[in-house]
Every structure is written in structure tokens, then in C-alpha cells.
2 protein chains.
Amino acid sequence: MTLTERKRRVLEAIIDSYVATAEPVGSRTIARKYRLGVSPATIRNEMADLEELGYLEQPHTSAGRVPSDKGYRYYVDTLMPMKRLTSEEVERIRAFYRQRYREMETIIQQTARVLSESTDYISVVLGPGLSQTGLRFVQMVPLGTDKAVILTATETGFVGHLTVNLPPMSPEERERVIGVINEGLQGQRLEDLGRGLIRRLYRELSAFRSVVEELLGSLQSSLEGAEEGERVYTGGTTNILNQPEFRDVEKVKMVLGVLEQTRLVHELLGPPRSSEITITIGKEIQIKEMQDCSVVTASYRVAGQPIGRIGVLGPKRMRYARAVAVVEQVARALSEALGPG
Amino acid sequence: MTLTERKRRVLEAIIDSYVATAEPVGSRTIARKYRLGVSPATIRNEMADLEELGYLEQPHTSAGRVPSDKGYRYYVDTLMPMKRLTSEEVERIRAFYRQRYREMETIIQQTARVLSESTDYISVVLGPGLSQTGLRFVQMVPLGTDKAVILTATETGFVGHLTVNLPPMSPEERERVIGVINEGLQGQRLEDLGRGLIRRLYRELSAFRSVVEELLGSLQSSLEGAEEGERVYTGGTTNILNQPEFRDVEKVKMVLGVLEQTRLVHELLGPPRSSEITITIGKEIQIKEMQDCSVVTASYRVAGQPIGRIGVLGPKRMRYARAVAVVEQVARALSEALGPG
DNA sequence: CTTAGCACTCTCCGCCCTAGAGTGCTAAAA
DNA sequence: TTTTAGCACTCTAGGGCGGAGAGTGCTAAG
């Protein structure tokens with residue numbers, strides 16, 4: 001199972017060359033450009049072995065070799081050099097977050113932007129999942145005579161608002177309803193909102209059953225909706241058009257088509273989790289339309305909690321080391337930017 | 001300048017056929033499929049005339065004819081039949097807005113969606129420009145000890161929020177600052193916020209100069225930002241990949257590239273204005289990368305005021321009558337959905 | 001175990017050629 | 001005067017062919 005040192009170097013050389021040129025790699029090329037100290041014939045033998053082991057593929061008999069999914073997998077697991085970003089690049093990423101954006105949405109959009117600009121791949125960012133963090137603050141503010149805004153703030157510092165309609169009632173009634181509701185809502189965690197509050201509200205506001213129902217209903221559905229239909233942001237979608245393997249419009253259509261479907265993007269990036277950078281290659285991706293691609297993802301955190309995901313999406317022939325470095329750095333910078341938020 | 005009836009019918013037939021097939025149209029085709037009662041030879045003569053007049057073009061000597069920009073323009077201005085949507089289609093669009101979405105963002109996204117799904121072109125929607133409408137309501141709500149949320153509602157019914165940091169101060173001070181500010185903000189129009197309020201705040205809150213400054217600064221910049229960087233939503237971007245004239249990836253890149261630039265999209269759709277549906281064809285579009293496209297746009301309104309724009313973007317070979325009908329209908333439905341909002 | 005040599009395979013590219021579509025022109029018919 | 005039939009001409013798309021080039025695998029020698 002474990003390859004000889006020379007086989008590893010040959011595999012690495014092939015991947016390196018293929019990633020750079022998108023052309024199948026021949027034994028001559030390897031011998032010439034990478035100083036392995038052996039002749040093309042020897043390399044040919046090694047390549048034949050590597051192909052038999054499943055690390056390489058041949059588009060057709062007299063073409064060079066191309067890495068297989070398994071080849072890439074071996075590369076990222078054991079061959080890939082740890083890449084450090086230059087300090088200019090780190091600085092460039094930092095600079096994106098230097099200006100203290102006030103709105104979360106802007107921060108997320110900037111993140112999609114910096115990711116795609118730094119990698120030349122497609123970037124994908126999921127907004128923070130709000131429902132998984134507790135609510136720190138809920139308050140209802142009357143707005144005109146027939147509406148009210150419910151302000152929410154999560155423990156992780158995200159503020160949201162939600163408009164609800166109020167049924168007709170007198171100003172005094174309104175005052176009282178809102179007062180009671182606010183008392184009930186104050187400082188509640190979302191999970192706890194249910195039973196106790198509802199019972200209490202019903203008791204105190206039995207005349208306004210419908211308000212309470214609408215209110216709790218929309219609060220709940222908006223917070224649930226915030227999870228399921230969580231905003232998906234993408235950047236640099238046109239970058240894929242620069243990749244030679246996507247010169248065929250049909251392939252582009254498949255990939256971009258997936259990105260328009262929120263559900264599939266969630267599946268692609270996976271749930272926020274604490275573990276480190278994840279690399280998924282070709283057929284390892286469950287989504288059929290994406291199996292010519294690879295994706296490098298990471299979670300970002302607030303207060304130590306992973307609450308969202310970012311990633312870059314490119315051809316399998318991806319500059320993995322660089323992608324990993326960028327995604328890692330951006331995830332860190334984003335977490336910091338949201339931290340004191 | 002004005003064409004003979006027969007020339008008009010020939011032009012219409014050519015556009016009809018070309019829109020349907022994307023193939024240059026020959027005289028035989030016209031004679032066969034459109035009953036003009038004359039022979040191909042006659043039609044050839046008419047076509048030669050129409051070409052000389054600039055309504056048609058010839059890709060090469062022995063191909064059929066293709067409508068020129070001028071040809072399309074003539075078509076949409078004077079030839080195009082008024083198309084009514086079927087009642088199923090109208091219903092389909094209505095259905096999108098039936099469920100009373102609470103959040104403006106959702107409504108806008110649905111709009112982009114229904115537009116692209118109903119036309120099979122790319123849809124573009126600009127969020128409502130907030131700064132052009134007055135503020136009806138501004139209120140500051142404290143959030144924890146060091147932050148506050150400013151709630152805003154425009155006269156047109158859009159609610160927004162904005163987080164600001166507060167400098168350290170005692171609870172009593174905070175209470176007082178927020179009280180004074182709220183009194184000052186209450187019911188203000190944005191334009192009036194300037195002078196009077198600032199002077200008053202300075203007087204009453206001279207000790208908290210920095211709060212006031214930060215607050216007004218961020219309020220202002222957020223509302224201005226809301227205009228300039230106004231959200232751009234697109235839908236069905238992959239639809240363009242189905243168009244035969246965009247089988248070349250380079251062309252796709254140009255078009256999609258423009259859509260990633262907020263500024264250019266604003267230029268493409270133009271400012272909200274009261275006039276009706278606008279059709280812009282090929283070179284009439286100022287943006288170089290878009291000159292193989294046409295765009296059909298309209299404004300949507302709240303309380304009679306045009307506050308935002310929607311549109312569909314497709315190849316010049318567009319089903320104009322249908323696009324116009326859909327855009328019109330969606331603009332109306334969107335306006336209604338926002339109306340009582 | 002490595003390497004040189006060599007025959008073999010396969011694709012890519014340019015070339016030629018034909019078929020087909022469509023035109024414009026001319027001259028006859030209406 | 002307008003329309004139409006006929007015809008020569010033009011241009012493209014697509015198929016077939018052949019050679020160049022890249023790369024392989026095998027064999028036999030170092």
C-alpha cells in the first residue's frame with residue numbers, strides 16, 4: 001500500500017505538472033523538468049505501476065498520464081507540501097476585514113469575494129446558522145398602529161429583525177400586549193420560548209390569542225427558515241470559465257446549476273463542525289454534477305463555536321496547497337472579524 | 001422610412017423564424033412557412049431591400065438573413081404583437097407572491113426566481129432604493145452594555161436595522177443618551193436629521209460627542225450605502241448556457257462577468273422611473289460586454305412611487321412579446337406584494 | 001534494476017472535396 | 001411595372017485522408 005519513495009516523487013511530479021498545464025503528462029516531461037536522476041524509460045515503468053495501483057489514468061493509449069481521484073487523494077493526504085501564504089497575501093486578506101463593516105451581510109459578501117479573488121476558483125460561503133445558537137435578546141417594538149418589529153440578537157452577536165402584523169386594537173391594548181410579550185420574551189433562549197411563555201401569554205392575553213399565535217409562529221418559522229434556507233453567497237463564478245476542463249458549456253451548466261440550489265450547496269459544504277479543513281475530491285462529492293470538481297472547505301467560528309462554512313470550488317486539477325492555505329486564512333480572518341462583532 | 005406592408009410582413013416573418021430557430025433565414029423558408037402568397041424570388045428581392053435599409057444582415061454571402069439591431073428595434077416598436085399571458089401563467093406568478101413572505105429579501109429573491117423561470121432568461125432585480133424615500137420611524141434600542149440597534153422604517157414600509165457601538169458609560173448615562181437620541185430621532189425624515197438634531201444632541205449630550213458622531217455617521221453611511229451598493233439579485237444565470245449564440249465560453253464569461261459587478265448592473269437596469277417597460281437591444285446597451293444581449297426592464301412601485309427595478313436579460317434573439325408580458329406582470333405582482341407590506 | 005532502442009498506437013491538424021443551402025441576376029410571364 | 005422561374009455562383013459544414021508528433025510498452029543490453 002505504501003509507495004516507494006521514487007513512486008511518490010513521480011506521482012508528485014505528475015500532479016504538479018498536470019495541475020500547471022492541464023495536459024496529460026508523459027515520461028519525457030517528467031524526466032526533463034523534474035530531476036529524478038533516472039531516464040524516461042524508468043519513469044515509464046513507475047508510471048505503469050502507478051496506473052495499475054490506481055493512482056493514474058490514461059485518457060487513451062498514446063497520451064500521457066493524468067492523476068485519478070485516488071492519486072489526488074494520496075497527494076493531499078501525504079505528499080502535499082504545507083504552503084504558507086506570503087505576508088503580502090495575508091495582508092491582502094486582512095485588509096478586506098480591516099474596515100469594520102457593520103452589517104453581517106457585507107462581511108459575508110466580502111468573504112466570498114476575497115476567497116474567489118485569492119484563489120481564482122469559485123467561492124461559496126454559508127451565512128451563520130442562527131438557530132443553533134441561543135438567543136440573547138428578543139424585543140418587540142411597535143411600528144405604526146398595525147405592525148411591530150421583533151428585534152432578535154443571538155448569543156453570538158447577530159442581530160436580526162422581523163416584521164409582524166398586529167390585529168386592530170386600541171392603543172392601550174397594544175401597549176399592554178407588547179408589554180406582556182416583551183416581558184415574556186426578554187432574555188429567552190429560543191428553545192425555551194415554547195411552553196412556559198405560551199401558557200403565560202395565553203393566560204394574560206386570552207383576548208389576543210391570534211396575535212400570540214401569529215407572533216410565535218412567525219418568530220419560529222423565521223428562525224427555522226434561517227437555518228434551512230440559510231443564505232448562500234457565491235463569488236467568482238466566472239472563474240470556472242477559465243478552466244480548460246470546462247470549455248464545454250454542458251459541464252459549466254451542471255456546476256453552476258448546482259450552485260443555484262441552496263439545498264445542494266449546503267450538502268456540498270456540509271454542516272459547520274469543529275474539525276479542520278476538509279478536502280473533497282471528484283467522486284468523493286456525492287453530488288453527481290460536481291464530480292469533476294474538488295472542494296476545499298472550513299468552518300468559521302464565533303466565540304469558539306463553528307457556526308458557518310466557507311469553501312472554494314474548482315476543478316479536480318486544483319492547486320490544493322494554495323487553496324488550503326487561503327481557505328484556512330480566510331476562515332480565521334472571518335472568525336476574528338465576527339468575533340468582537 | 002415607413003416600410004410597405006409586405007416588407008413589414010417579411011421582416012416579421014424573418015424575426016419570428018430566427019427567434020425560434022437561431023438559424024439564418026432563407027427566402028424559401030419564409031415562402032414555405034409563412035403564407036405571404038408570393039414566391040421565394042419576390043421575397044429575395046424584399047430581403048435585399050430590407051438589408052439595404054439596415055433591417056437585416058447577412059452572416060456571409062450564401063447564408064440566410066439575420067435581423068440587425070435596427071430590425072429588432074423596428075419589430076418591438078411597431079410590429080410586435082401585444083402578448084397576453086395565459087391565465088395559468090398569470091396564476092403561476094401570483095402564486096409566487098401568495099404566501100405572504102415577511103422579509104423583503106425573500107420577496108426579492110422570489111421575484112428573481114419567478115422572472116427567470118417564466119422566461120428562461122437571466123433575471124436581474126434591484127432591491128428598493130431606500131434613501132429616496134423618507135424615513136417614517138427611527139428608534140434606538142440598547143443591546144447589552146456596549147451596543148445598540150437602530151431600527152429604521154421607511155415611509156414605503158421597509159424595515160432595517162443597524163448595529164452601533166456605544167462607548168463605555170454608566171447605565172444611567174446610557175439610558176439618558178438613548179432617551180435623548182430617540183426623542184430626537186422620533187419620526188424624523190432622513191433629510192431633516194442633519195442640523196437641528198445634531199445641534200440639539202450636542203447641547204444635551206455634550207459629554208457624549210463621540211457617540212452622537214458615530215451614530216449619525218453610521219446611520220447616514222448605511223442609508224447612503226443602501227443606495228449605491230444596493231443589493232443586486234440575479235436568477236437563472238445558467239439559462240444563458242442554453243442559448244446557441246452563447247455556446248462559446250468567452251461570450252458567457254463577458255456577460256456573467258458584468259453581472260458580478262454591482263455598478264454595471266445598476267447601469268444596465270437604469271434608475272427607477274415612472275415610465276413603462278423599457279426594451280434595450282444590442283448596441284443600444286452602453287456596456288460593451290453586453291452588446292450581444294437585449295434587456296427588458298420595468299420599475300416596481302410602492303405607494304405609487306417607483307423604487308426599484310426588475311428585468312430579464314437574454315440574447316438579442318429574444319421572445320420580446322413574451323418577455324414584456326412577463327416583466328410587466330411580475331412588476332405589477334411585486335408592487336402589490338410590497339404594497340400592504 | 002536501469003536504460004537505449006524501436007515498433008506501434010493514437011490523436012491532432014491541415015487539406016481537399018463534396019453536398020447543400022442560399023443568393024443575385026437575367027429574362028420571361030403576368 | 002411587378003412577379004416569377006431558371007441558373008450560375010458563392011460560401012460553409014462536414015466527411016475522409018494522411019502525415020506529424022507524442023507517448024507507450026516491450027525487448028535486450030548494460
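Just so you know, these numbers use all the heavy atoms, side chains as well, and skip hydrogens, waters and symmetry mates. Quick note on labels: first sequence line is chain A, next is B, and so on, each numbered from 1.
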Visitor: My understanding is that only residues two or more places apart in sequence, or in another chain, count here; which of them pass salt bridge (Lys or Arg N to Asp or Glu O under 4.0 Å) with B/Arg92?
Guide: B/Glu117
Visitor: Could you list by number each residue of residues 40-50 of chain B showing a heavy-atom separation from DNA chain C of less than 4.0 Å, or answer none if no residue does?
Guide: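 Going residue by residue through residues 40-50 of chain B, the ones with a heavy atom under 4.0 Å of DNA chain C turn out to be B/Arg44, B/Met47.
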Visitor: Could you tell me which residues satisfy ring-ring contact (aromatic ring centres under 6.0 Å, His included) with B/Tyr320, sequence neighbours excluded, listed by chain and number?
Guide: B/Tyr72
Visitor: Apply side chain to side chain contact (heavy atoms under 4.5 Å, CB included) to A/Asp16 and list each qualifying residue two or more places apart in sequence or on a separate chain.
Guide: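 Once residues adjacent in sequence are excluded, the partners of A/Asp16 under the side chain to side chain contact (heavy atoms under 4.5 Å, CB included) criterion are A/Tyr34.
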Visitor: Is a side-chain donor or acceptor of B/Thr29 paired with a backbone partner of B/Val25 at a separation under 3.5 angstrom?
Guide: no
Visitor: Who are the side chain to side chain contact (heavy atoms under 4.5 Å, CB included) partners of B/Glu23, not counting sequence neighbours?
Guide: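 Listed in chain order: B/Thr21.
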Visitor: Mind jotting down which residue pairs meet the salt bridge (Lys or Arg N to Asp or Glu O under 4.0 Å) criterion with at least one end in residues 57-69 of chain B? Sequence neighbours excluded, please.
Guide: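 Sorted result for residues 57-69 of chain B: B/Glu51-B/Arg65, B/Asp69-B/Lys316.
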Visitor: Rounded off to whole Å, could you give me the CD-to-P distance for the B/Glu23 and D/dA13 pair?
Guide: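 The distance from CD of B/Glu23 to P of D/dA13 comes to 10 Å, rounded to the nearest Å.
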Visitor: Among residues 6-15 of chain B, which ones have heavy-atom contacts with DNA chain C below 4.0 Å?
Guide: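 Residues of residues 6-15 of chain B under 4.0 Å from DNA chain C: none.
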Visitor: Take atom CD of A/Gln58 and atom C1' of D/dA22, then tell me their distance rounded to the nearest Å.
Guide: 12 Å
Visitor: Mind checking salt bridge (Lys or Arg N to Asp or Glu O under 4.0 Å) for A/Lys7 and listing every partner two or more places apart, or none if nothing turns up?
Guide: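 Salt bridge (Lys or Arg N to Asp or Glu O under 4.0 Å) list for A/Lys7, sorted by chain: A/Glu46, A/Asp49.
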Visitor: Report yes or no: is there a donor-acceptor pair, N or O only, under 3.5 Å between the side chain of B/Thr61 and the base of D/dC11?
Guide: no
Visitor: Not counting sequence neighbours, which residues clear side-chain hydrogen bond (donor to acceptor under 3.5 Å, both in side chains) with A/Asp292? List them please.
Guide: none
Visitor: For a 4.0 angstrom threshold against heavy atoms of chain B, report the outermost contacting nucleotides of DNA chain C in 5' to 3' order.
Guide: C/dA21 to C/dG24
Visitor: According to side chain to side chain contact (heavy atoms under 4.5 Å, CB included), who are the partners of B/Gln109, at least two apart in sequence or on a separate chain?
Guide: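 Applying side chain to side chain contact (heavy atoms under 4.5 Å, CB included) to B/Gln109 gives A/Arg231, B/Glu105, B/Tyr233.
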Visitor: How do B/His60 and A/Arg28 order along DNA chain D: which one's closest nucleotide is nearer the 5' end?
Guide: B/His60
Visitor: List the residues meeting salt bridge (Lys or Arg N to Asp or Glu O under 4.0 Å) with A/Glu52, not counting sequence neighbours, and say none if there are none.
Guide: none
